[in-house]
Amino acid sequence: MQTGSGVEAEFDVLVIGAGHAGTEAAVAAARLGARVGIVTSALETIGQMSCNPAIGGIAKSTVVREVDAMGGIMGRAADLATLQFRMLNRSKGPAVWAPRAQCDRGLYRRAVRTLLEEHALLSTIQGTVRGLLMEDDGHRVTGVETIEGRRFSARAVVITTGTFLRGRIHIGTGTRIAGGRAGESSSVDLAEQMERAGLEVARFKTGTPPRIDGRSVDYSALEPQASEIEAFDYSWSHFWPTPRRGASGATRHPSQLPNWITYLEGAGKEIIQREIGRSAMYGGAIESRGPRYCPSVEDKVVRFPKAERHQLFLEPEGHDTHELYVNGLSTSLPPEVQLDVMRTVPGLEQVRMTRAGYAIEYDYYPPTQLESSLQVKAVRGLFLAGQVNGTTGYEEAAGQGVMAGLNAALLVQGRAPLVLGRETSYIGVLVDDLVTRGVDEPYRLFTSRSEFRLTVRQDNALRRLAPIVEALGVFSADERRVVAQRLRDEDVAREIAESTSITPAQAAVVLEPAGSAVLAHAVRIAEVAKRQDVTLLSLFAAAGVGGELSPDAVTTAELELKYAGYFQRERVAAEKLRRMGAFALPADAPYDAMRSLSVEARQKLGALRPSTLAQASRVPGVSPTDLQNLVIELTKAGRG
Amino acid sequence: MSPSSSPPSPLQLADDTIAALATPSGRSAIAVVRLSGRAAQEVADRVLVPPLRDPRRATRTTACRDGARLDDVVATWFAAPNSYTGEHLVEISCHGGAVTPALVLAALVAAGARLAEPGEFTRRAVLNGKLDLLQAEAVLEVIDARSRAAQRLALTQLDGGLSRRIATLRDDVLELEALVAYDIDFPEEDDGPVDHARVIASHEALVVALEAMLATAPVGELVREGASVVLAGEPNAGKSSLFNALVGRARAIVTDVPGTTRDALEAMLDTARVPVRLVDTAGLRESTDAIEKLGIEVSHGWLSRAHLVLACGETAESVERTAAVVARIATAPVLRVRTKSDLHPASPGALAVSAETGAGLAELLSEVERALLERADSSDFDAPMLATERHRMAIERARDEVVAFRRAWLEVRHPIIVAAVHLRTAANALEELIGSVDVEDVMERVFARFCVGK
């Protein structure tokens with residue numbers, strides 16, 4: 001390898017950016033034994049939550065658990081920083097429970113940095129990357145150089161620069177600031193180099209709401225939303241050993257703070273309607289596309305003019321500040337209009353604005369340019385993860401970070417890449433959607449994106465993913481024991497349920513309050529647990545069994561009993577997909593010459609060049625008949 | 001021909017030029033011969049004198065072989081991709097009959113084309129993205145449409161009628177999926193949780209649409225296969241005379257029913273709206289049928305498969321005896337027919353016909369048609385119908401799954417995310433007919449319906 005003179009240090013994997021993708025990439029690579037450097041323009045901003053302060057939610061919480069199951073840090077950092085917790089969909093049963101933790105931003109950042117520094121092989125470096133060191137005529141990356149003139153060699157580089165590549169912040173139509181986050185400069189040099197390397201670039205926009213001084217809020221007019229963490233005593237990653245556990249065994253999080261709910265009503269909507277032309281989004285300053293599911297308040301007012309009001313959540317930023325995040329009011333109106341609008345909101349009549357909301361436009365690289373390993377097809381050793389791939393959300397970034405980090409290390413070690421199937425995880429869905437379908441708006445996960453949303457849940461992430469990464473050597477011996485214990489608990493819970501009978505008298509304690517018919521004779525616990533309003537935990541307690549098992553493991557076992565038929569349907573489909581995933585498509589398959597494929601299929605497959613039949617099956621325009629014909633064409637070609 | 005030659009796989013089409021007779025063989029004024037493929041124009045130029053010049057213009061010319069004139073023809077060429085198959089295509093209209101079209105076809109083959117496999121034009125059209133599978137099936141049915149009614153049905157589909165109807169169904173599925181997706185994925189939005197009444201209403205609309213679609217399925221089958229109308233009666237009730245009279249009147253094609261036992265005579269009647277297969281099973285076979293022991297001539301098997309039975313008899317009593325026996329075996333409606341009306345006075349309750357004079361035959365035919373349509377229970381005969389078993393099964397599957405969704409959700413009280421497995425299966429079943437139901441389609445609806453984005 002050409003390291004050249006002036007190289008300060010040699011790494012296996014260098015990560016550029018230390019947000020949610022970058023930190024996970026660095027940890028994942030370090031866990032595989034790679035020497036890792038992580039470069040960020042300010043070490044203090046490692047793990048910064050640049051937008052809303054929450055981790056988790058529907059589908060996203062499953063990703064957090066998946067990251068956790070693969071040895072990632074997001075879940076653990078959130079545990080240590082949670083100041084407001086909700087279990088979404090609680091009333092709909094554990095099959096759809098989705099935890100969401102709002103975090104103390106400062107605590108979260110510090111927790112991430114601490115967790116990074118636990119890895120001896122991982123070095124943190126402050127610096128702004130000026131460019132990549134390349135060889136092979138720009139087709140292989142060999143290191144990075146910072147504007148401070150420091151050079152580092154690396155055999156693989158992971159770029160996780162979020163919105164910093166040619167980021168441009170808009171506040172109203174008149175104010176444009178080059179920047180990757182409010183108050184932080186963007187990087188232009190790297191963006192230009194990426195373009196020279198032949199990567200196609202596109203632009204997205206996103207936005208963030210204003211933040212306010214809590215001391216100027218009239219709380220008497222507001223409805224508090226208390227944290228549910230005490231009631232549930234939830235911890236994302238309770239199964240990891242952590243030095244900060246309390247006596248109860250739960251992760252030690254800070255004391256909980258309420259959110260405050262208020263509403264944007266008619267008067268505020270009128271101001272927005274009147275001033276809409278001064279919004280960067282509507283005044284013509286921004287043309288790129290933003291996410292439909294995370295609309296600006298301007299979007300809401302324009303698209304739903306008849307809506308009486310829009311709810312706003314005032315969310316605490318941390319214990320060390322009175323600052324509040326005004327969730328629901330993402331905007332790019334001029335600051336004075338933002339303030340006028342807020343002062344129409346009940347409780348905010350006297351509000352002082354600490355930071356104005358803004359919209360940000362940034363470069364992303366259409367992710368169909370990536371292999372399933374997240375390596376750039378055109379540049380060996382270069383990986384992309386996070387918002388640069390056109391996604392949005394901390395969790396989506398973290399999931400990609402883990403995959404890019406693992407695959408960068410695997411590449412350096414000369415090992416086969418890890419590609420997760422859609423049936424294994426939301427991370428698998430995410431990566432597959434990105435590389436095979438691409439994005440036309442910032443990509444966010446929904447349960448609807450997965451064909452396997454019953455069997456891919458937050459509660460069973462460890463079962464789904466830990467064995468896969470354990471085989472790669474991600475875990476220490478201690479960690480393997482913890483994982484094995486948790487999985488064993490699930491198995492034991494099912495065995496007990498299948499083999500133990502519960503008497504009518506024991507069961508009555510559970511069934512009567514639930515309004516469920518009492519038993520006539522003793523019945524196996526597994527049978528009773530199939531009833532809708534009955535939990536396995538309560539049956540175990542009533543029968544006096546399974547008390548030593550982790551409650552979460554028992555709940556997972558319960559779901560397997562209750563919905564066995566439906567889970568089975570998905571598992572059959574998963575098996576089919578796995579077989580299709582195992583059918584590799586040659587990179588040089590002559591789709592143009594495959595006369596039995598529809599013209600559209602030939603064009604789409606030729607352009608995207610999926611690596612497996614499973615991927616081909618999800619390319620829009622490729623029909624089941626095309627797939628059959630494709631198999632026949634390739635089989636014939638192979639024989640001939 | 002090389003010894004290794006085997007029929008080309010339908011999945012591996014070569015780019016060669018194919019030719020075939022596009023109209024049914026047999027007596028007709030005009031026949032159309034088609035030529036398609038990369039070299040279609042060159043092949044045509046070797047046969048047509050003078051050659052064709054402008055695309056898409058019907059040109060009068062002469063078909064020749066080795067300098068000898070075969071026929072005066074009108075020919076048109078369509079340049080790829082703007083043709084039926086998406087390839088260069090030439091259509092030659094020549095005189096009909098058994099000989100002339102065959103000579104023209106032979107000349108084209110001699111000039112470099114090869115004879116097409118059955119359905120190969122349509123398959124090429126599908127492969128070149130000119131027809132979707134549904135349309136292609138309709139085309140194949142145009143080709144062997146057995147009557148004007150069947151042809152009309154086939155044409156409605158070709159027009160996208162059925163596709164449109166299924167697209168509407170898909171729309172209903174999407175609507176329901178969107179409500180469910182909103183319920184699962186967006187629990188804390190401005191609009192609050194979705195009203196279950198709204199989900200139920202959307203569900204009901206979908207079930208109604210699916211049922212309506214299924215209701216047309218029997219009609220579709222009837223139109224395609226023809227309705228089996230079976231003659232029954234005591235010996236010498238005049239069944240064979242009636243059969244022959246109806247066949248004569250309706251310009252029917254009479255065939256022996258293929259099979260090992262020659263047990264029925266069948267005629268395809270080209271009536272106005274429903275093709276009828278008139279079946280006479282009498283007297284052709286020694287039968288041990290119990291029915292025959294009851295003194296009625298009709299094959300048991302044909303009777304049980306009948307769409308309509310004509311209970312024939314010379315007298316009112318004979319007709320009633322036959323009808324009573326038939327009712328024990330057949331589920332099909334029974335039409336009472338008094339034969340030999342020229343010999344006997346009319347009596348109420350039965351149609352009087354005379355094979356001798358032709359009296360009552362027209363009335364009988366229209367009565368047969370009315371009874372068949374009534375049975376098919378369709379007041380909307382011209383609406384697009386499900387013409388193939390494949391369609392029917394797909395829609396039935398979808399209907400069952402949609403019904404199962406509601407049961408799982410409201411009766412068993414599974415979480416909606418669990419019950420929604422049924423909806424996905426339903427959407428997949430319909431997907432075979434019309435294309436994919438994509439998550440982006442569902443999400444687009446969610447965002448259009450609800451103000452999403454905390």
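A note on names: the letters A, B, ... follow the listed sequences, proteins ahead of strands, and every chain is numbered from 1. Any value given below was found using the heavy atoms of this structure, including those in side chains, with hydrogens, waters and symmetry copies removed.
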J.: When only pairs under 4.5 Å are counted, which of Val418(B), Thr425(B), Val421(B), Ile416(B) shares the most heavy-atom pairs with chain A?
T.: Val418(B)
J.: Parallel, tilted or perpendicular: which fits the ring planes of Phe186(B) and Phe446(A), with parallel below 30° and perpendicular above 60°?
T.: tilted
J.: Without swapping roles, check the side chain of Asp185(B) against the backbone of Thr447(A) for a donor-acceptor pair under 3.5 Å.
T.: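 At least one qualifying donor-acceptor pair exists.
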J.: If you compare all heavy atoms of Val412(B) against all heavy atoms of Gln532(A), which two are closest, and at what distance to 0.1 Å?
T.: O-CG, 3.1 Å
J.: Side-chain contact, heavy-atom cut-off 4.5 Å: Ile58(A) with Pro187(B)?
T.: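 Result yes, sub-4.5 Å side-chain heavy-atom pair found.
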J.: Drop me the distance from Ile417(B)'s CD1 to Tyr563(A)'s OH, to the nearest 0.5 angstrom.
T.: 10.5 Å
J.: Quick check on the interface: out of Glu308(A), Lys92(A), Arg453(A), Arg437(A), who has the most heavy-atom pairs with chain B under 4.5 Å?
T.: Arg453(A)
J.: If we ignore angles and hydrogens, is there a donor and acceptor under 3.5 Å between the side chains of Tyr566(A) and His422(B)?
T.: yes
J.: Contact part of Asp533(A) toward chain B, heavy-atom cut-off under 4.5 Å: side chain, backbone, both or neither?
T.: side chain
J.: Sort Thr455(A) into side chain, backbone, both or neither according to what part of it lies under 4.5 angstrom from a heavy atom of chain B.
T.: neither
J.: Heavy-atom distances under 4.5 Å only: say whether Arg449(A) touches chain B with side chain, backbone, both or neither.
T.: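 When you check distances to chain B, atoms from both the backbone and side chain of Arg449(A) fall under 4.5 Å.
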J.: At a 4.5 Å cut-off on heavy atoms, which part of Arg424(B) comes close to chain A: side chain, backbone, both, or neither?
T.: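 The side chain, not the backbone.
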J.: Surrounding CZ of Arg569(A) (heavy atoms of other residues, nucleotides or ligands, distance under 6.0 Å), is the total greater than 12?
T.: yes
J.: Counting only heavy atoms closer than 4.5 Å, note whether Val442(B) contacts chain A via side chain, backbone, both or neither.
T.: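 Looking at Val442(B), nothing touches chain A.
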